[in-house]
Amino acid sequence: MSETNVAPTDFIREIINEDLRTGRFNYVRTRFPPEPNGYLHIGHAKAICIDFGIAEEYGGVCNLRFDDTNPAKEEAKYVQAIKEDIRWLGFDWGDREYYASDYFEQLYEWAIQLIKDGKAYVDSLSPEEIKEYRGGFGVPGKESPYRNRSVEENLDLFQRMRAGEFREGEHVLRAKIDMQSGNMNLRDPVMYRILHAPHHRTGNRWCIYPMYDWAHGQCDSIEGITHSLCDLAYEDHRPLYDWFLDQLGIFHPRQIEFARLNLSYTVLSKRYLLRLVEGGYVSGWDDPRMPTLAGMRRRGYPPEAIRAFCDRIGVAKSENLVDIALLEHCVREELNKRAPRVMGVLRPLRVVLVNYPEDQVEEVEAINNPEDPGMGVRKVPFSRVLYVEQEDFMEDPPRKWFRLAPGREVRLKHAYYITCVDVVKDERGQVVELRCTYDPETRGGGSPDGRRVLGTLHWVSAAHALDAEVRLYDYLFSKPDPMEVEEGKDFISNLNPNSLEVLDSCKVEPSLRGAAPGSRFQFLRQGYFCVDPDSTPQKLVFNRTVTLKDTWSKIAKGQQEE
RNA sequence: UGGGGGAUCGUCUAGUGGUAGGACACGUGACUCUGGAUCACGGCACCGGGGUUCGAAUCCCUGUCCCCCAGCCA
């Protein structure tokens, strides 16, 4: 690669430029290393965008490598889900799909090498004793009595560990570094533990498995990774990785750590997300309220929006809590350009046009997307009985009310001006029907006399509308930082009880018939909605992806406070 | 308590000795057949204290606060 001066936009690119300039590396290769023990979330999306994005920017490649060193927690189904999510985001790892388990044999040989060099030993302390011997912060550790076994004995024991002669916990292989180190990771870290568990790829071939710390650096090295980008949490593991690489004398990647993403009103940790799933607080990993990629996909977030978001939040080393409003902004921005407009009434209120002919049906023309005329137009049926939104009528409206009220004239989008002349109530005083007149001169939404109306409402023709269920979502948690809890409580106590509202008697325009799961629309004046896989031919199910920005709700709130 | 890292508008982030900028959020206005979209305008920040310098977010000293690490998890 010749051009080494990509404009730095963050500290990572700055370092890479320097490495290229000084000749430490003459190419760029990164990797994204998920553990197949759960689903990817928006925090992973940040890492994916950085890993794949940087490689692409520098004309290099990014490997996908599954960190599958713990068979007790990992499953093949997660491998599939992770691959699907990365592809959905729009990234491609070509044929470079690797597994830490591909390197088990090599790792084993390197372990033998360290034993022979007197740099690793088999320890037979119990897990509790190892913990005790490790010491604490400011308290130096003690050396294990097994630390000075002979090379021959270590070799023999380690080989027998592999051969399956011991029970779990009986022995481990440890690196011989420094029990006094201020860095806990250097206090003779465990390299191998015995696990009599089948592995999703290697089956029953192994009963000893490498620890992540022993595997990761060497895997990077084998793959010729130049820049190993990871979480800040691994900052003080770096000296250990360096130590292993130096002892082995193999290719030495550079590790650079950056701060993980935190998003307001949500949690981003596989452990907590698993808790939500297993506790039944959500319907699954792909619940549309989940910050998982599967959840966001089902919710209707376009992958482009997630990538735009990741670009905008930047990369740095400081702790952060990104406002979820930024993510929503990116989603709206993308959907505004792309989503076809349709009309759907969430909470229907019957409207009868008293001066409209009983059996007449007209087709009015509606533009599919004012942002993109290329998306064309469609016909929408109009007739004497319609539905409008309940909240678009007020019997006694406040100031600045642009919608329907007794005597008020509004425009029905794409159709006619109507004026409310009567209000029908049931025995409990609930408004059940509006009687309105329409002005035949205003077809298409304009009037020959040029008079103006304040508001424009969406509507559907009662006889033609399709039944639909709409699921409205709000933040899963009621606090920006769900981890901020009262004494003795945990984040579950911060769950938002109103995060899901199901509306099951919605009416949508007939053009939506047969809409495919996953397709996204803007319901005029309401927000963006995505067809859920739960839809049936009889009933469409929509997820509200995100609302439109709503100026009126602010005005109304302001008026309430007066 | 030992080790590692971090501190710039409400939030995220630029800045690398020379006018502290952008985005989101917020507020005001214009426009509008979506109270959408769009556009314009506005307020808002260098953790504290010393020093070096003509000039410091940036360099030096000093203090404070926050995060991570004591798995045979990753």
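Chain letters run A, B, ... following the sequence lines, proteins first and then strands; every chain starts at 1.
By the side chain to side chain contact (heavy atoms under 4.5 Å, CB included) test, A/Arg275 is found to be paired with A/Asp490, A/Phe491, A/Ile492, residues two or more places apart in sequence or in another chain being considered. Partners of A/Arg174 according to the side chain to side chain donor-acceptor pair (under 3.5 Å) rule, which considers only residues two or more places apart in sequence or in another chain, are A/Asp123. Every residue meeting the side chain to side chain contact (heavy atoms under 4.5 Å, CB included) condition with A/Pro340, not counting sequence neighbours, appears here in chain and number order: A/Met375, A/Phe521. Residues forming a salt bridge (Lys or Arg N to Asp or Glu O under 4.0 Å) with A/Glu371 (at least two apart in sequence, or on another chain): none. With sequence neighbours left out, the salt bridge (Lys or Arg N to Asp or Glu O under 4.0 Å) criterion links A/Arg149 to A/Glu153. In this view, A/Pro198 and A/Asn204 satisfy the side chain to side chain contact (heavy atoms under 4.5 Å, CB included) rule, not counting sequence neighbours. By the salt bridge (Lys or Arg N to Asp or Glu O under 4.0 Å) test, A/Asp68 pairs with no residue at all, sequence neighbours left out. Under the rule for a salt bridge (Lys or Arg N to Asp or Glu O under 4.0 Å), the partners of A/Arg312 that lie at least two apart in sequence or sit in another chain are A/Glu333.
Look at the C1' atom in both B/C59 and B/U52: the space between them is 8 Å, to the nearest Å.
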I'd like a table of donor-acceptor pairs (distance under 3.5 Å, sequence neighbours excluded) in which one partner is a side-chain atom from residues 39-50 of chain A, with atom names and distances.
unit_1	atom_1	unit_2	atom_2	d
A/His41	ND1	A/Gly43	N	2.9
A/His44	ND1	A/His41	N	2.9
A/Lys46	NZ	A/Ala259	O	2.7

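Contact between the side-chain N/O atoms of A/Arg193 and the OP1/OP2 oxygens of B/A74 is found at a separation under 4.0 Å.
Using a 4.0 Å heavy-atom criterion, one finds that A/Arg134 contacts the sugar-phosphate atoms exclusively.
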Study note, to complete from the structure: Its dot-bracket string being built from Watson-Crick and G-U pairs below 3.5 Å, with | for another strand and [ ] for crossing, RNA chain B has the pattern .((((((..((((....[..)))).(((((.......)))))....(((((..]....))))))))))).....
Could you go through nucleotides 6-8 of chain B and list every protein N or O atom that sits under 3.5 Å from one of its N or O atoms, giving the distance for each pair?
none

Sub-3.5 Å pairs of nitrogen or oxygen atoms, protein against nucleotides 25-29 of chain B:
unit_1	atom_1	unit_2	atom_2	d
B/C26	OP1	A/Lys554	NZ	3.3

